[in-house]
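The chains referred to below are lettered A, B, ... by the order of the sequence lines, with proteins before strands, and numbering in each begins at 1.
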Amino acid sequence: MSNKPEAIERPVNFIRNIINDDLAKNKYQSVRTRFPPEPNGYLHIGHAKSICLNFGLAEDYQGECNLRFDDTNPAKEDMEYVESIKRDVQWLGFKWAGDIKYSSNYFEKFYQYAVELINKGLAYVCFLNAEETREYRGSLKEPGKNSPYRDTSPEENLALFEKMRAGGFKEGECVLRAKIDMASSFMCMRDPTLYRVRFETHHQTGDKWCIYPMYDFAHCISDGIEGVTHSLCTLEFQDNRRIYDWLLDHLDDFSRPDRPFQYEFSRLNLEYTVMSKRMLHQLVNDKLVDGWDDPRMPTISGMRRRGYTPASLRDFAERIGISKVDSMTEMGILEAAIRDDLNVVAPRTMAVMDPIKLVVENYPEGEVESIQAPVHPQNEAMGKREIFFGRELYIDRADFEPEAPNRKFMRLAIDKEVRLRNAYIIKAERYETDADGNITTVYCSYDPDTRGKNPADGRKVKGVIHFVEATKALPAEFRVYDRLFTVPNPAKETDFEAVLNPGSLITKNGFVEPGMADAPVEQAYQCEREGYFCRDNKITDRLVFNRTVALRDTWSQNK
RNA sequence: AGGGAUAUGGCCAAGUGGUAAGGCAUCUGGUUUUGAUCCAGUGUACCGCAGGUUCGAAUCCUGCUAUCCCUGCCA
């Protein structure tokens with residue numbers, strides 16, 4: 001049999017079916033994909049879907065995936081973005097084939113291919129201005145008109161195109177166009193622009209060029225040059241596939257059965273956030289968020305800062321699959337993916353975010369004892385951590401009510417017993433309030449014979465609350481995040497900023513276990529009963545923890 | 001007489017003529033020093049609608065409807 005690559009076990013999708021078919025028919029001997037971002041913004045979770053698709057396919061079929069910057073529009077692009085994109089792809093755990101590619105690497109070749117089209121009478125320099133071009137293009141229902149420059153001879157076009165390259169024309173004065181069909185029902189086939197004049201410094205090529213190729217021209221040829229087999233993009237490029245095919249089929253180097261072919265899948269839409277670069281730019285520029293890596297942003301760097309892991313993002317991509325259906329994905333799928341990852345890998349810790357004092361009155365004054373608590377109750381191999389217990393503790397305000405509101409209340413109340421996690425069973429006796437009636441201190445007694453075991457008399461204590469010993473506790477800031485928008489599809493609003501969630505960030509000041517003093521940046525922890533948190537990767541001179549996601553809560557909704 | 005796509009349970013998504021996978025969510029039990037995890041169970045899916053072909057259709061044919069995309073010298 002053949003030793004051609006076969007896909008490893010993964011959920012199937014229509015693209016895999018196409019690849020399997022292509023391989024079976026010997027159309028290609030191996031698979032090469034590419035991830036082609038334009039460096040004009042930060043990558044977001046939608047890009048992560050595409051990255052996982054392209055790099056994942058390459059991994060599974062033992063092929064390769066190129067990282068190629070689609071840098072054909074210097075006016076909008078910047079090195080800051082290329083750096084962030086490289087960082088994000090690497091962080092996700094993918095390796096690109098060989099060196100990083102840039103469309104701008106091929107500018108000279110593009111020029112030669114344009115010359116080939118001119119020589120074949122398939123491209124011409126057009127002096128219609130932008131407005132005239134639009135008028136000549138016709139409309140969705142009406143065919144366009146041919147440009148008066150359409151029948152210029154190849155020789156003359158060649159000279160004109162050379163002059164364009166040499167800087168002999170002003171911006172907007174002329175463009176190079178493909179000669180296709182002004183009556184095509186595909187608007188992109190009505191003599192599309194191939195090159196425009198732009199006196200702009202390019203982040204890769206400097207001032208070497210003053211003409212820049214358009215996406216439709218550059219993309220398919222780049223794929224061809226790189227030997228890409230399956231060129232995957234999103235649905236809005238479906239019409240563009242016609243020009244993709246036309247160009248490759250009219251260029252001698254690429255008009256072969258094993259040339260690249262484009263396939264489109266649907267982009268990711270996530271509820272309660274936005275994915276468009278325009279809107280993301282706007283949020284950053286209008287300072288509605290704290291930069292591209294604000295933990296509320298759907299950017300990869302934002303999610304990283306929030307505490308999402310590469311594994312969880314890859315798992316998420318796998319869970320949502322690939323199809324051509326316009327869809328809106330619920331946040332729940334993302335949250336399930338990160339919880340499933342963190343639940344097994346995150347060390348447990350206790351943190352009190354809205355502290356009130358708890359005084360254990362029958363505990364000796366001035367004494368503090370050390371307790372070895374499991375780092376992960378389901379995984380002994382993760383070892384133990386040292387926590388402390390003493391006469392004065394902090395517990396969360398939400399864990400005490402003077403009077404239990406109902407029979408199902410599992411927290412602390414006067415005359416009620418509760419387990420302090422990893423420590424003793426206590427019973428609340430009385431409490432104090434401040435002038436405003438806010439509870440400040442709860443007084444309790446503890447049962448000394450319940451550390452690490454249940455009471456000898458067999459009484460059942462259901463409730464468990466967390467705590468931190470007051471003299472050893474470290475002050476810390478907790479940033480509790482919620483969805484950025486209040487509506488599932490903010491992009492549909494006339495003013496999406498009007499629908500921002502004012503409660504998307506709530507800052508709390510509380511305490512953590514002393515062992516958290518040197519928590520590494522981005523390290524995930526489960527603050528038991530509170531959720532998953534990680535140390536902020538930007539503010540490191542004090543303890544700041546970002547809430548990645550809360551624990552699943554089947555309680556609060558039906559109480 | 002524009003064209004290109006898509007329609008499978010609340011949300012994703014398999015399925016490619018043989019009688020509807022899976023995940024998320026939901027709900028119900030059980031375990032539990034996290035109201036978490038874990039375990040077990042939980043859905044009448046008119047497969048967009050209407051016809052047709054067939055012994056048999058989500059899958060093939062016809063017609064219709066809804067939604068998305070396309071008139072940048074953006075990608």
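Comparing B:U59 with B:C47, their P atoms sit 9 Å apart, to the nearest whole Å. On the C1' atoms, B:A25 is 35 Å away from B:C60, given to the nearest whole Å. Across B:G23 and B:G17, the matching P atoms stand 26 Å from one another, rounded to whole Å. Here the separation of B:U34 from B:U6, taken at their C1' atoms, is 44 Å to the nearest Å. Only the C1' atoms considered, B:A21 is 26 Å distant from B:C55, to the nearest whole Å. Separating the C1' atom of B:U32 from that of B:U37 is a span of 9 Å, rounded to the nearest Å. For the C1' atom pair drawn from B:G2 and B:A50, the interatomic distance equals 26 Å after rounding to whole Å. When the C1' atom is used for both B:U65 and B:A20, the distance is 24 Å, rounded to whole Å.
Inspection of the A:Ser103 and A:Asp70 side chains reveals an N or O donor paired with an N or O acceptor under 3.5 Å. Between the side chains of A:Asp191 and A:Tyr136, no donor N or O sits under 3.5 Å from an acceptor N or O.
At a threshold of 4.0 Å, the pair A:Arg483-A:Glu271 does not count as salt-bridged, since none of the basic side-chain nitrogens sits closer than that to a carboxylate oxygen. Between A:Arg34 and A:Glu226, none of the side-chain N atoms (NZ, or NE/NH1/NH2) sits under 4.0 Å from a carboxylate O, so this pair counts as no salt bridge. Between A:Lys508 and A:Asp396 there is no salt bridge, since no side-chain N of the basic residue sits under 4.0 Å from a carboxylate O of the acidic one. Contact check on A:Asp60 versus A:Arg16 returns a salt bridge, with a Lys/Arg side-chain nitrogen under 4.0 Å from an Asp/Glu carboxylate oxygen. We find that A:Asp181 and A:Arg242 are not joined by a salt bridge, their nearest charged nitrogen and carboxylate oxygen being 4.0 Å or further apart.
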Nucleotides 28-30 of chain B: which of its N/O atoms have a protein N/O under 3.5 Å away?
none

Check: protein-nucleotides 36-40 of chain B nitrogen or oxygen pairs below 3.5 Å:
from: B:A36; atom 1: OP1; to: A:Thr554; atom 2: OG1; distance (Å): 2.6
from: B:A36; atom 1: N1; to: A:Gln378; atom 2: NE2; distance (Å): 3.4
from: B:U37; atom 1: OP1; to: A:Arg552; atom 2: NH1; distance (Å): 3.3
from: B:U37; atom 1: OP2; to: A:Arg552; atom 2: NH1; distance (Å): 3.0
from: B:U37; atom 1: O2'; to: A:Asn343; atom 2: ND2; distance (Å): 2.7

Please write out the pairs of protein N or O atoms and N or O atoms of nucleotides 14-20 of chain B separated by less than 3.5 Å, giving the distance to one decimal.
from: B:A14; atom 1: OP1; to: A:Ile322; atom 2: O; distance (Å): 2.9
from: B:G15; atom 1: OP1; to: A:Asn17; atom 2: ND2; distance (Å): 3.4
from: B:U16; atom 1: O4; to: A:Asn17; atom 2: ND2; distance (Å): 3.1

For A:Tyr363 and A:Glu369, run side-chain contact (heavy atoms from CB on, under 4.5 Å): C-alpha distance rounded to whole Å, both residues' side-chain angles, the deciding distance at 0.1 Å, then the answer.
CA-CA 11 Å; A:Tyr363 195 87; A:Glu369 70 186 276; 2.8 Å; yes

Steps toward side-chain contact (heavy atoms from CB on, under 4.5 Å) verdict (A:Met303, A:Ile338)
CA-CA 11 Å; A:Met303 295 180 74; A:Ile338 184 62; over 6 Å; no

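If you check B:U34, B:U6, B:C12 against the side chain of A:Arg421, the one that comes closest is B:U34. The side chain of A:Ala336 approaches B:A25 more closely than any other nucleotide in the set B:C11, B:A25, B:G35.
Residue contacts shown for A:Met350 are absent, as no nucleic acid heavy atom lies under 4.0 Å away. Residue A:Ala337 is out of contact with every strand shown, counting any heavy-atom pair closer than 4.0 Å. A:Gly452 comes within 4.0 angstrom of a base, heavy atoms only.
Nearest-nucleotide positions on RNA chain B for A:Ile465 and A:Lys492 put A:Ile465 closer to the 5' end. Each of A:Lys453 and A:Arg319 lies near RNA chain B, and the nucleotide nearest A:Arg319 is the one positioned closer to the 5' end.
Partners of A:Ala218 according to the side chain to side chain contact (heavy atoms under 4.5 Å, CB included) rule, which considers only residues two or more places apart in sequence or in another chain, are A:Thr72, A:Phe110, A:Pro213. Evaluation of the side chain to side chain contact (heavy atoms under 4.5 Å, CB included) rule for A:Lys416 yields A:Ala404, A:Phe409, A:Ala413 as partners, not counting sequence neighbours. Here A:Thr273 pairs with nothing under the side chain to side chain donor-acceptor pair (under 3.5 Å) rule; sequence neighbours left out. With sequence neighbours excluded, the residues that form a side chain to side chain contact (heavy atoms under 4.5 Å, CB included) with A:Asn105 are A:Lys101, A:Tyr102. Applying the ring pair (Phe, Tyr, Trp, His ring centres under 6.0 Å) criterion to A:Tyr81, with sequence neighbours excluded, gives A:Tyr42. Residues passing the side chain to side chain donor-acceptor pair (under 3.5 Å) test with A:Asn240, sequence neighbours excluded: none.
Within 3.5 Å, a donor on the side chain of A:Glu330 pairs with an acceptor on the base of B:G10, or the reverse. In terms of polar N and O atoms assigned as donor or acceptor, the side chain of A:Arg411 comes within less than 3.5 Å of the base of B:G35 in a complementary pairing.
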The dot-bracket string of RNA chain B, counting Watson-Crick and G-U wobble pairs with both distances under 3.5 Å, using [ ] for crossing pairs and | for pairs to another strand, is .(((((((.[[[..)..(...]]]..((((.......))))......[[[[[..)....]]]]])))))).....

Base versus backbone protein contacts along nucleotides 70-75 of chain B [heavy-atom cut-off under 4.0 Å; B, S, -]
BBSBSB

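Against RNA chain B, the stretch residues 263-274 of chain A makes no heavy-atom approach under 4.0 Å.
Atom CD1 of A:Ile426 is separated from atom CG of A:Leu412 by 4.5 Å, given to the nearest 0.5 angstrom.
A:Thr299 places a side-chain N or O within donor-acceptor distance of the main-chain N or O of A:Trp292, the cut-off being under 3.5 Å.
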